[in-house]
Amino acid sequence: MESEPLQFEPRDQLLQRQKKLEQIAALGFDPYPHKFEWKQTPAEIIERYGQRTADELKASHVQATFAGRIITIRLHGRAGFAHIQGQGQRLQIYVKLDIVGEKTYQLFQLLDMGDLIGVSGHLFRTKTNELTLWVEQLTLLTKSLLPLPEKWHGLADVELRYRRRYLDLIANEHARQVFLRRAQIIHHIRNFFDARGYLEVETPMMHPILGGATARPFVTHHNAFDVDFYMRIAPELYLKRLVVGGFDRVYEINRNFRNEGVDAIHTPEFTMLEFYEAYSDYRDLMKLTEELFAGIVKSVCGDTKIKYGAREIDFGHFEKLSMRKAIEKFWPAEEERLSDSGGAPLESELNRPDGPGLLAKRYNAYARMKGLDPIAELEKSSAGELTGALFEAVAEEHLIQPTFIYDFPTEISPLSKCRKDDPSVTERFELFIDGMELANGFSELNDPADQERRFRAQVESGGAEMPKEVDWDYIRALAHGMPPTAGEGIGIDRLVMLLTDSHSIREVILFPTLRPQKDADTDAAATAAGETTP
RNA sequence: AGGGGCGUAGCUCAGUGGUAGAGCAGCGGCCUUUUAAGCCGAAGGUCGUGGGUUCGAUCCCCACCGCCCCUACCA
């Protein structure tokens, strides 16, 4: 049985446009020409001639030739208007039967919204003073067989905006702006690190051993080797091998994959900037991070203060708090009253080996009373893990303005160097903005014996998010000697969220991971083609 | 994973226990400076899917599917 090649909905409009396509071909026009010699973009024309008056345009007789997509069309019998969109800018054209001739005017009447055309003519202003191209020549560049989203509301269905991003980008200028800004941000980051003598590198996305972070991985299989690989959860261990190899300053901007939950700030594949700087420590990185963020925000948003939702965030000043101090500072005042404890726990109490355990119990009593989630697995957790849990329970959400949290417990920082004066904490920090973790950096552990102990402890602890075996080659690399080094990771997607006032990570990823959709259109096509459906 | 919300024409959305409506888009007609063009006419629907209650379900109930939001998990 013969089957139609295209089966998409809306069927009637597809057929209608295919019919017009045939009529256009019958008139002798090529509906899919190979190229078009444009002279300007709509943006350039508006930039250059947007201020000229009707009289000035008449006197100078400016010729222009540009291409784009028809996004509105208004036919008036023997003349008509249309708006052409190219590179996000739209420009009106005026097509008149007397000027373009019978045949081209027939072509114009067969055009639809969404068609791509090239036009040539001179600029003028209409009665309503809109800059418009007086079309002398019109060429169809590509016939669009499916209609554009509705012209007033655009494409509002969030799922469709993500699944058919190409339509979102045509219909919603805001979506376009988000991704333009994302590109600017990444461009700025590259300039920043290139200017400081960093080398941009690419390290493997497929890892034989899990490492560099704690997260459940995606597993894939290589047929020829007949081995499983993990999609990387972090590039960290490879980048540090490069520092061992003599690339003293490296950075990588690339994807990480984590097989975890999905929400407004988590998605399975996300973009991470990681960079390493030999002979520096975590203090240097905090300074560098402040400079980097302030520079990006200023160049992209024009000011160090930005609006994020109802809040204003000031990148001109970064707060610094130790993790223990942050717990003290944001300890719920209500708990103090209810427990009659005489005040918030002091940093010094958290310092004691049994301190975090006692405070976690105290917090859990309060949490149960308030219907909040208590800290889980109290008995099984180490003091360091409980400190981290207390921080998350009590402080994290309050860190709205850019804040470095430092002095992370050693138990939750397996790749960081301990502080000389207090081995219970490491030279590690995270940057929080609007309650979100934006960056994580530390002085890198480069003692191979210590690293081996910590890797063995991870393997022994089991768990889906832990490595199954020690990465001996990484230990070997450290044994060859890694200079004192500081390294950091920055979540690019979350940074873009902040600087585009986006409140879901999917808004800043062109094609976010979604559940694959059973496609009604192509199913229909398969059926029409005689395929059997199980 | 738990809680909440949503799913009606291609798009944006109304609506009702008696099987449906608007605007836009599309189609036919008129129109040579319009711009949310306008006017006239015709068409377009398995009301997410599957059960149940009912004389009768798009509406009420249950399950499932999908998306969104919140919570949890994700140092």
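Letters go in sequence order (proteins before strands), and every chain restarts at 1.
A 3.5 Å limit on both hydrogen-bonding distances identifies B/U49 as the Watson-Crick or G-U partner of B/A63. Using the Watson-Crick or G-U wobble rule with both distances under 3.5 Å, B/G38 pairs with B/C30. Look at B/G23: its Watson-Crick or wobble partner, with both distances under 3.5 angstrom, is B/C11.
Between A/Lys240 and A/Glu252 there is no salt bridge, since no side-chain N of the basic residue sits under 4.0 Å from a carboxylate O of the acidic one. Taking the charged nitrogens against the carboxylate oxygens, A/Arg324 and A/Asp407 have no contact shorter than 4.0 Å, which rules out a salt bridge. Between A/Arg255 and A/Glu269 there is a salt bridge, since at least one side-chain N of the basic residue sits less than 4.0 Å from a carboxylate O of the acidic one.
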Can you check each nucleotide of nucleotides 68-75 of chain B against protein heavy atoms at under 4.0 Å and return B for base, S for sugar-phosphate only, - for none, in 5' to 3' order? SS-SSBBB

In 5'-to-3' order, the base (B), backbone-only (S) or no-contact (-) status of each nucleotide in nucleotides 21-28 of chain B, using a 4.0 angstrom heavy-atom cut-off, is --BBBSS-

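Judged purely by distance below 3.5 Å, without hydrogens or angles, the side chains of A/Glu507 and A/His174 never pair a donor atom with an acceptor atom. Between the side chains of A/Tyr282 and A/Lys417, no donor-acceptor pair of N or O atoms lies under 3.5 Å.
As judged by a 4.0 angstrom heavy-atom cut-off over every strand, A/Asp98 is placed among the base-contacting residues. At a threshold of 4.0 angstrom between heavy atoms, the contacts of A/Leu146 with the nucleic acid are absent. Here A/Phe124 lies in heavy-atom contact (under 4.0 Å) with a base. Using a 4.0 Å heavy-atom distance criterion, A/Glu130 is classed as a base contact.
Checked against A/Phe391 for a ring-ring contact (aromatic ring centres under 6.0 Å, His included), the options A/Trp331, A/Phe330, A/Tyr406, A/Phe432 give a single hit: A/Phe432. The only option from A/Val496, A/Val178, A/Ile509 that meets the side chain to side chain contact (heavy atoms under 4.5 Å, CB included) definition with A/Ser502 turns out to be A/Val178.
Checked against a 6.0 Å centroid threshold, the rings of A/His207 and A/Tyr230 do not count as neighbours.
One N or O donor and one acceptor, one from the side chain of A/Gln92 and one from the base of B/U34, sit under 3.5 Å apart. Contact annotation: side chain of A/Arg74 to base of B/U34, donor-acceptor pair present below 3.5 Å.
A pairwise comparison of heavy atoms in A/Ala234 and A/Arg258 identifies CB-NH2, 4.3 Å as the closest pair.
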